[in-house]
Number of protein chains: 2
Amino acid sequence: MTRQRTLLLDLIKEAGGHLDADELYRRAREKQPRVSLSTVYRALHLFKKMGLVEEYHFDESHHHYEATSKKEHHHLLCLGCGRVIEFQSPLSRYVTRNVPEARDFHIVDTELRMTGYCSNCRKTGQ
Amino acid sequence: MTRQRTLLLDLIKEAGGHLDADELYRRAREKQPRVSLSTVYRALHLFKKMGLVEEYHFDESHHHYEATSKKEHHHLLCLGCGRVIEFQSPLSRYVTRNVPEARDFHIVDTELRMTGYCSNCRKTGQ
DNA sequence: CACTAATTGCGAATGGTTCTCATTAGCGAC
DNA sequence: GTCGCTAATGAGAACCATTCGCAATTAGTG
Ligand SMILES: [Mn+2]
Ligand SMILES: [Mn+2]
Ligand SMILES: [Zn+2]
Ligand SMILES: [Zn+2]
């Protein structure tokens, strides 16, 4: 455990939300101005492999990361305002129980991403 | 409708599976050697906007495309052999019915991606 | 055919991520 | 504490999928 990794993990945890690598890099430099972007990416890989952090693929060209939480959760992405709405749902259980093709598949990770328009954006005409 | 677009759409349809842009480009050049990669990308955007083609984000750095099919389907990705297993499941209905946060959200697209190990890979020790 | 707007091919640019390599920091054994 | 070894870091270059800019070509219309 290095100074840099400690800082980065703390920042991810306290952020709560969905950080991308560049935002994490920006926040890290405020505390340790010499930290490098390479270190950020290397730490993210490491944390992911250790199961401390999860990587999400939203509809953008970069990834998002968040600290692993205890319960399975998924995301609704609003195409209008860009808001990310989280919800919990035992989808992996639903699928293993109801989908024949998934019955003898050992599931490691489940990622559900739904895009559309939130209630706000629907009211104000998208 | 240009010569290039006709060819590209035909290739996507006859491929059946999950093409990436480069594979589509390679196949297109066999029929029309002067077609350019830009045209491939431009056509894919167009087809996506027209609803003829769907874009998938698997765990790789590039995207995959397939002709839009009538019924909602999702993917299991084997981390062992790379196989992509498709399955049908009315997940968007399940979510809109069971998830309060999704109730007043207008869903445009649903993408479920599960990774793990297929039965084959589990037998042969991953 | 001729005209016009849309599309193409090509190469260069972009942006997120990964790599290389010289320097530095962590850490167990003294 | 200091030494020695290994792993991690910073800086920049490289990478690769995708996008852009622009001049040349084409589709579609009259
Ligand atoms: Mn989340
Ligand atoms: Mn499919
Ligand atoms: Zn919204
Ligand atoms: Zn497999």
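The shown structure was predicted, so the numbers you read here are calculated from the model rather than taken from an experiment. So that the names make sense, note that chain A is the first sequence line, chain B the second, and so on, each numbered from 1.
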Practice problem: Report yes if the side chains of B:Leu44 and B:Glu55 come closer than 4.5 Å at any heavy-atom pair, otherwise no. | Solution: no
Quiz item: In terms of side-chain geometry, is the basic nitrogen of B:Asp104 or A:Arg122 positioned less than 4.0 Å from the acidic oxygen of its partner?
Solution: no
Quiz item: Between B:Leu52 and B:Leu9, is any pair of side-chain heavy atoms under 4.5 Å apart?
Solution: yes
Self-check item: Residue of the set A:His57, A:Glu111, A:Arg113 for which side chain to side chain contact (heavy atoms under 4.5 Å, CB included) holds with B:Glu111
Solution: A:Arg113
Quiz item: To the nearest Å, how far apart are B:His57 NE2 and C:dG16 C1'?
Solution: 15 Å
Exercise. Look at the side-chain N and O atoms of A:Tyr41 and state whether any lies under 4.0 Å from the OP1 or OP2 oxygen of C:dT17.
Key: yes
Quiz item: In whole angstrom, what separates B:Leu37's CG from C:dG11's C1'?
Solution: 12 Å
Practice problem: Please report, rounded to the nearest Å, how far the P atom of C:dG16 is from the CG atom of A:Leu44. | Solution: 14 Å
Quiz item: Checking ring pair (Phe, Tyr, Trp, His ring centres under 6.0 Å) against A:Tyr56, which of A:His64, A:His75, A:His74 comes through?
Solution: A:His75
Self-check item: Proximity to DNA chain D (any heavy atom under 4.0 Å), residues of residues 22-32 of chain A only
Solution: none
Atom pairs under 3.5 Å: protein N/O with N/O of nucleotides 1-8 of chain C:
{"from": "C:dT7", "atom 1": "OP1", "to": "B:Arg5", "atom 2": "NH1", "distance (Å)": "3.1"}
{"from": "C:dT7", "atom 1": "OP1", "to": "B:Arg5", "atom 2": "NH2", "distance (Å)": "3.4"}
{"from": "C:dT8", "atom 1": "OP1", "to": "B:Thr2", "atom 2": "OG1", "distance (Å)": "2.6"}
{"from": "C:dT8", "atom 1": "O3'", "to": "B:Gln4", "atom 2": "NE2", "distance (Å)": "2.8"}

Self-check item: A:Glu23 bridged to A:Arg26 by N-O distance under 4.0 Å
Solution: yes
Quiz prompt | chain B footprint on DNA chain D, 5' to 3' - any atom under 4.0 Å from a heavy atom | solution = D:dA17 to D:dG28
